[in-house]
Amino acid sequence: MKKTVLALCAVTAAAMTACASGQDTAPTTTAATQAEQTTAAQETTTAAQTEAPATESASGSFEGTGSGYGGELKLEVTVTDGKMEKIDVLSHHESSVVYNRSVPMITERILEAQSPEVDSVSGATFTSYAVKAAVAQAMKEAGVDFGDITFATQGPAAEQVQGEDVHTQLVIVGGGPAGLAAAITAKENGLTDVLVVEKLDILSGNGKFDLNFYDVFNSEAQKANGVEDSVEKFIEDMKDAGNTPERLQVWAEGESVIDAWLRSFGVELNHNYGGRNHMKDKDHYAGEAIQDGMEAQAAKLGVEIRTGTKGTDLIFEGDKVVGVTVESKTEKYNITADAVILATGGFSYNKELLTKYAPGYEVLNTSNQMGATGDFVPVFEKYGFKLERMDTIRVIPTILIPSRDLTNSGAGSVYVNGDGQRFVNERLGGLDMGTAILDQDVTWMVVDTKKVEDNANVRKQVKGGKFLEAATWEELADLMGVNKENFLKTIEAYNKNAEEGKEDELGHTPERALLPEGPYYASKIESAVHMTKGGVSANEHAQILYEDGSVVDGLYGAGEVTWQSGGYSQSVVFGRISGQEAAAYIQGQ
């Protein structure tokens, strides 16, 4: 017996406002409001679960569908005498880096509870919702009605109790690229007990979505591409980026060996597309390969990882940091350690901290993931740690709406508003670009087939159906719903300026004209806060510093939680440095 159920997703208005590349909605409420909403949702869910749905002891296979981050997800529930035995996803459009980590977890929760009224996997809210909604619809056909499943649906509230304290040699707070690199390196340097805690249910933060592993040199792909590079060249290029000479030196040396380190456990970035930019290959992002490889290596080396566990404060013994306080849904406890590494990320997802430290940027959306809330910034303030360049923000000029996927904003991109007219220099960037886009009713990025061929992210997004496609400019204008007459004049003027090498009234000289023949593509865009570059100050040994520049004994930091001038690969480099230095510190005691 098999029945197919088409579930219409009852998505709340709040959830419809934005989507995240990390599978979660954009920050549109304060922490206090979110807490109130969570409490209300828990009370509603708990009340609903006191009335167990009637079961008719059905047996068979039942299908249901739900709407995920990438589109429709279809699954089959196998039921025996009213009990869910197995959940098989038949088709989906979710990103593999989220799907592979979250679906086994959410289906396990549903089967254990025998209900779709369970907590979503944090970091995969949309995927979790799709699975829960589809299971509920399938089970309704099996005679069990769980009622409406919404984004607020979660498991019953659990009492949080004081748990048993634990001790380890090294505790790392944060399971992103920096934290995993630190854990692996600490193990490689002789530590036996390494514990990583991550507040989300899945690891990595934004790293797993990154196309480019940049700033890398002396790589096999760079050599194959005929690119000559060196530590000296790197230092010269980065001399004005804001690093101390000592920190710049170890960063450069770390970048020169990072490719070899990744290859030592099977991560090969074989596509160098100019300079220090690297991907797995021409059509495969670097982030997914690196994340998969580091998670596998951490598991192989015996690193203990506790997800759904949030670091909340530091534990001091005199002037020395000797652990962290943590909490999960059910427990609060202490983790004492011989050394601590903080790799908790930045605060792109926290509008209150943006308003405080980088006023103006809080009006923008973020392309970062829901874990980037700056949890330890108040801790740094409390203990008098040095904070550096907290107002330094990296803005991504263009992300897609509503998916928030980073897309290419270089040559061959034209931005028009709902009136079909250009309104900004496409190369402006920064907060000025972001606010100019916000001032429009809508902003479309228009590209041609050359753009699709030349750029891996645009190519992937077009293949994924995230751009409108039309054979002619006229047809594209109709699909976009913009003023057709203005739009055609805009494209004509843009191409003419490109052909003549002429600067237009917006101060832009187009790099090239758009192709005379289609197809052509368009997607709604906006700018977004991608990284908060500022953070706690750390020296070349990754030791965290007090305001007076002295070292906090026993405490290290790596990644976006610290001030760093670079990004993804720099996080991995200093993750490795923190792991190596912490291991030496522990073994030298």
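A quick note: this is a predicted structure, and the numbers were derived from the prediction, not measured.
- Residue R427 places its CZ atom among 12 or fewer non-hydrogen atoms of other residues, nucleotides or ligands, all under 6.0 Å distant.
- With values rounded to the nearest 0.5 angstrom, I305 atom CD1 is found 9.0 Å from I172 atom CD1.
- The shortest side-chain heavy-atom distance between H278 and S219 falls under the 4.5 Å cut-off.
- No side-chain heavy atom of Y285 sits less than 4.5 Å from a side-chain heavy atom of K280.
- One finds the CD atom of E232 at 11.5 Å from the CG atom of D237 (value rounded to the nearest 0.5 Å).
- Inter-residue side-chain proximity for D229 and R276 is flagged as met; some heavy-atom pair is nearer than 4.5 Å.
- Under the 3.5 Å distance criterion, the side-chain polar atoms of Q440 are matched with a main-chain donor or acceptor of A436.
- Looking at Q297, its side chain never comes within 3.5 Å of a backbone N or O of I184 through a donor-acceptor pair.
- Here the side chains of V250 and I577 are in contact, with some heavy-atom distance below 4.5 Å.
- Taking the six-membered ring where the residue is Trp, Y568 and F213 present perpendicular rings, their angle passing 60° and hence far from 30°.
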Practice item. List the steps and the verdict of side-chain contact (heavy atoms from CB on, under 4.5 Å) for F385 and S537. Key: CA-CA 8 Å; F385 296 170; S537 183; over 6 Å; no

**Study point:** Full working for salt bridge (charged side-chain N to carboxylate O under 4.0 Å, His left out) between R101 and E295
**Key:** CA-CA 11 Å; R101 290 166 174 79; E295 285 190 31; 2.9 Å; yes

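- Judged purely by atom type and a 3.5 angstrom limit, D119 uses its side chain to pair as donor or acceptor with the backbone of G155.
- Under a cut-off of 6.0 angstrom, the local environment of NZ in K332 is sparse, with at most 12 non-hydrogen atoms contributed by other residues, nucleotides or ligands.
- Judged purely by distance below 3.5 Å, without hydrogens or angles, the side chains of N277 and N212 pair a donor atom with an acceptor atom.
- The shortest distance between side-chain heavy atoms of T244 and N539 does not fall below 4.5 Å.
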Practice item. Using the side-chain contact (heavy atoms from CB on, under 4.5 Å) rule, take I396 and R394 through it: C-alpha gap first, then chi angles, then the decisive distance, then the call. Key: CA-CA 7 Å; I396 289 293; R394 183 184 178 194; 4.1 Å; yes

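- For H541, the NE2 atom counts as densely surrounded, since its 6.0 Å shell holds more than 12 non-hydrogen atoms of other residues, nucleotides or ligands.
- For the pair N425 (side chain) and G507 (backbone), a donor-acceptor distance under 3.5 Å is present.
- Using modelled atom types, no side-chain atom of E331 and backbone atom of G163 make a donor-acceptor pair closer than 3.5 Å.
- The distance between the ring centers of F126 and F151 falls below 6.0 angstrom.
- Contact check for K199 versus E327: no side-chain heavy atoms found under the 4.5 Å cut-off.
- Atom CD of Q589 has more than 12 neighbouring heavy atoms from other residues, nucleotides or ligands inside a 6.0 Å radius.
- More than 12 heavy atoms of other residues, nucleotides or ligands sit less than 6.0 Å from atom CD of E246.
- For F217 and F234, the ring centers sit closer than 6.0 Å to each other.
- By the 30° and 60° cut-offs, the orientation of the rings of F265 relative to W261 is perpendicular.
- Residues D338 and Q169 bring no donor and acceptor atom of their side chains to less than 3.5 Å of each other.
- Heavy atoms only, all atoms of each residue included: G559 and S571 are closest at CA-OG, 3.5 Å.
- Between the side chain of Y585 and the backbone N or O of Q580, no donor-acceptor pair lies under 3.5 Å.
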Practice item. Given side-chain contact (heavy atoms from CB on, under 4.5 Å), test V321 with I315 step by step and report yes or no. Key: CA-CA 6 Å; V321 173; I315 301 171; over 6 Å; no

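- Figure legend: cation-pi geometry between R389 and Y357 absent, as NZ or CZ is not positioned both under 6.0 Å from the six-membered ring centre and within 45° of its axis.
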Point to revise | From CA spacing to verdict: ring-ring contact (aromatic ring centres under 6.0 Å, His included), Y383, Y546 | key: CA-CA 8 Å; Y383 295 120; Y546 285 108; 8.6 Å; no

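- Of the N and O atoms on the side chains of T168 and D193, not one donor lies less than 3.5 Å from an acceptor on the other residue.
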Check your understanding: Checking salt bridge (charged side-chain N to carboxylate O under 4.0 Å, His left out) for the pair D292/K208: CA distance, chi angles, key distance, verdict?
Key -> CA-CA 8 Å; D292 286 347; K208 59 184 174 291; over 6 Å; no

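- Nearest heavy atom pair, residue L354 against residue S348, reads CD1-O, 3.6 Å.
- For the pair V216 and S569, the tightest heavy-atom approach, listed with the atom from each and the gap, is CG2-CB, 3.9 Å.
- Contact record, I202 with A124: CD1-CB, 4.4 Å, taken as the closest heavy-atom pair.
- Checking side-chain atoms of K533 against main-chain N and O of S565 turns up a donor-acceptor pair under 3.5 Å.
- L406 is listed as a side-chain neighbour of H530, based on a closest heavy-atom distance under 4.5 Å.
- In this structure, CG in L506 is found 12.5 Å from OH in Y415, a value given to the nearest 0.5 Å.
- Considering only heavy atoms from C-beta on, M531 comes within 4.5 Å of E560 through its side chain.
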